[in-house]
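Okay, so here's the structure we're looking at.
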2 protein chains.
Amino acid sequence: MASFTVENYLKAIYGLSQKQPGGVSTNAIAEAIGTKAATVSDMLKKLSANKLIHYKKYQGTTLTTKGAALALNIIRKHRLWEVFLVEKLDFRWDEVHDLAEELEHIDSDELINRLEAFLDNPKFDPHGDPIPDKSGVIHRREQVALTDIQVNKAGVVTGVKDSSKEFLQYLDTQGIELGNKLVIKEVFEYDKSRTIELDGKAMTLSHQVCKNLYVKTEA
Amino acid sequence: MASFTVENYLKAIYGLSQKQPGGVSTNAIAEAIGTKAATVSDMLKKLSANKLIHYKKYQGTTLTTKGAALALNIIRKHRLWEVFLVEKLDFRWDEVHDLAEELEHIDSDELINRLEAFLDNPKFDPHGDPIPDKSGVIHRREQVALTDIQVNKAGVVTGVKDSSKEFLQYLDTQGIELGNKLVIKEVFEYDKSRTIELDGKAMTLSHQVCKNLYVKTEA
DNA sequence: AAATAAATTTAGATGAGTCTAAAAAAGTTA
DNA sequence: TAACTTTTTTAGACTCATCTAAATTTATTT
Ligand SMILES: [Mn+2]
Ligand SMILES: [Mn+2]
Ligand SMILES: [Mn+2]
Ligand SMILES: [Mn+2]
């Protein structure tokens with residue numbers, strides 16, 4: 001029903017509102033979508049007219065219930081297609097995002113529900129992000145960044161905060177993947193780097209890397 | 001690279017040129033795409049400027065090598081997605097066309113080649129239409145319409161000429177599907193209907209139906 | 001509280017794809 | 001051949017999504 005363009009705006013606003021719950025700025029949307037602020041202003045008027053966002057000039061915007069439902073369905077489709085690409089077509093986790101950006105716009109609930117069943121109802125995508133269910137409900141996992149756990153605390157790698165190709169490929173070079181067990185061995189205050197033991201193997205990770213790696217710690 | 005719209009024009013021209021090898025008329029394209037002749041005229045100028053078609057005003061159009069290659073790749077994607085939908089997601093053969101119309105525009109050779117391998121390199125789609133290979137080569141099957149074989153001749157159902165929902169669903173009600181073995185028992189000259197034996201079961205088929213059912217006869 | 005800077009919106013323009021109505025070309029019939 | 005019909009193209013207008021440049025509002029500094 002909604003055009004590709006509208007769907008992309010809604011998805012962008014949804015994503016940004018996770019960080020800026022008070023209202024997403026025009027500039028932030030422009031940057032996320034790769035367009036100009038003037039273009040965004042125009043579009044916000046249209047989205048508002050269609051009751052997809054709450055919008056008052058100069059005040060930033062938030063999704064309406066209707067807008068959020070649409071955004072979540074697109075995210076659901078994006079993540080399920082990513083699972084398909086990795087699990088069934090053997091793509092690597094750093095290769096699937098752009099394809100999913102296209103596939104997410106295929107308009108069929110029946111298709112996505114069958115795909116979900118075909119994939120055995122996965123709850124997380126290849127980057128550890130939760131997959132909204134048919135009603136748009138997301139079950140978030142309790143997980144924390146590696147920077148937030150103490151020395152000698154153990155955990156399992158459950159996701160990435162930065163899912164850029166570059167970061168994912170870096171993790172590949174280090175042999176780090178979802179499901180790995182790790183323990184923090186030492187924190188160097190100097191540069192906040194950490195040495196860890198990952199499935200028995202010792203390695204050093206920069207602060208930058210630790211910030212972007214999520215783990216679930218054992219109760 | 002080419003827009004959805006351009007891809008749909010190329011596909012339509014390709015399809016129509018199978019019936020009208022001398023050159024496809026503006027009106028025929030308009031009807032196939034569901035648009036107006038004026039719109040098609042405009043588009044033909046653009047396609048011609050992009051060297052995708054041969055075009056002289058008032059003379060009808062044919063695809064260039066470049067245009068045909070693009071069209072065949074879209075057809076390849078369409079048919080492979082249809083196989084996926086039927087074989088992996090358990091859609092019926094009368095349900096997949098519209099979804100494939102969307103999926104065919106996903107722009108990735110890597111994706112479609114992996115999908116092809118995942119499906120075990122099928123040679124035909126769920127309606128019996130041949131799937132072009134990576135280079136755009138189509139291996140056509142020798143098959144004839146049921147109207148073109150003699151009494152007591154046996155054959156195997158290999159495809160449909162009309163792949164409308166209505167016809168496919170009619171075939172479902174009669175239990176006719178690809179792979180069925182049949183023999184023509186009798187032809188009634190009055191209305192050109194035929195009685196056949198299909199996997200042992202006797203039935204009568206109208207001329208209309210026989211025209212649109214393809215079979216491969218045993219040498 | 002002014003002045004300045006930054007963010008946002010408006011104004012006006014563009015290109016893709018579409019439409020209706022009118023003109024032109026091609027085809028058919030008398 | 002001339003008249004009529006059908007097909008195709010052109011002309012002009014519209015929507016959607018975008019842009020640049022200018023105006024306006026809000027935020028920050030002096
Ligand atoms: Mn992604
Ligand atoms: Mn998108
Ligand atoms: Mn089809
Ligand atoms: Mn299409």
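Proteins get letters first, then strands, A, B, ... in listed order; numbering begins at 1 in each. Since the structure is predicted, the reported quantities are computational estimates derived from the model, not experimental observations.
Among the heavy atoms of the strands lying under 4.0 Å from A/T5 are primed sugar atoms or P, OP1, OP2 only; no base atom is included. Counting non-hydrogen atoms under 4.0 angstrom, A/Y9 reaches the backbone sugars and phosphates but no base. Within the nucleic acid shown, A/T26 comes within 4.0 Å of sugar-phosphate atoms alone, with no base atom in reach, counting heavy atoms only. Contact annotation for A/T39: base contact, defined as any heavy-atom pair under 4.0 Å involving a base atom. Among the atoms of the strands shown, none is found under 4.0 Å from any heavy atom of B/F4.
Comparing D/dT9, C/dT8, C/dT9 by their closest approach to the side chain of A/K57 singles out C/dT9.
Separating the NZ atom of A/K45 from the C1' atom of C/dT8 is a distance of 11 Å, rounded to the nearest angstrom. Rounded to an integer number of Å, the gap from A/I33 CD1 to D/dC19 C1' is 15 Å. Atom CG of A/L44 is separated from atom C1' of C/dT10 by 14 Å (rounded to the nearest Å). Between B/Q20 atom CD and D/dT7 atom P there is a gap of 12 Å when expressed in whole angstrom units. Between the P atom of C/dA7 and the CD1 atom of A/I29 lies a distance of 14 Å, rounded to the nearest Å. Protein atom NZ of A/K56 is 14 Å distant from nucleotide atom P of C/dT9, rounded to whole Å. B/Q59 places its CD atom 7 Å from the P atom of C/dG27, with the value rounded to the nearest Å. Atom CG in B/D42 sits about 9 Å away from atom C1' in D/dT10, given to the nearest Å.
No cation-pi contact links A/K88 to B/F84, judged by a cut-off of 6.0 Å to the six-membered ring centre and 45° from its axis.
In terms of heavy-atom proximity, A/T158 sits nearest to A/L178 at C-CD2, 3.7 Å.
Where A/A38 and B/S41 meet DNA chain D, the nucleotide closest to each residue was compared, and B/S41 sits on the side nearer the 5' end. Summary of the strand contacts: B/M43 and B/K36 both lie near DNA chain C, and taking for each the nucleotide with the nearest heavy atom, the more 5' one is attributed to B/M43.
At distances below 3.5 Å, not a single donor-acceptor pair connects side-chain atoms of B/R194 with backbone N or O atoms of B/I184.
OP1 or OP2 of D/dC19 sits under 4.0 Å from a side-chain N or O of A/T35. Within the structure, a side-chain polar atom (N or O) of A/Y55 is placed less than 4.0 Å from OP1 or OP2 of C/dT9. Proximity of A/N27 to the phosphate of C/dT8: a side-chain N or O atom is located under 4.0 Å from OP1 or OP2. Taking side-chain N and O atoms only, B/S25 has no distance below 4.0 Å to OP1 or OP2 of D/dT7.
When only modelled atom types and interatomic distance are considered, B/S193 and B/D191 share a side-chain donor-acceptor pair under 3.5 Å.
By the 4.5 Å heavy-atom criterion applied to side chains, B/H105 and A/E102 are not counted as neighbours.
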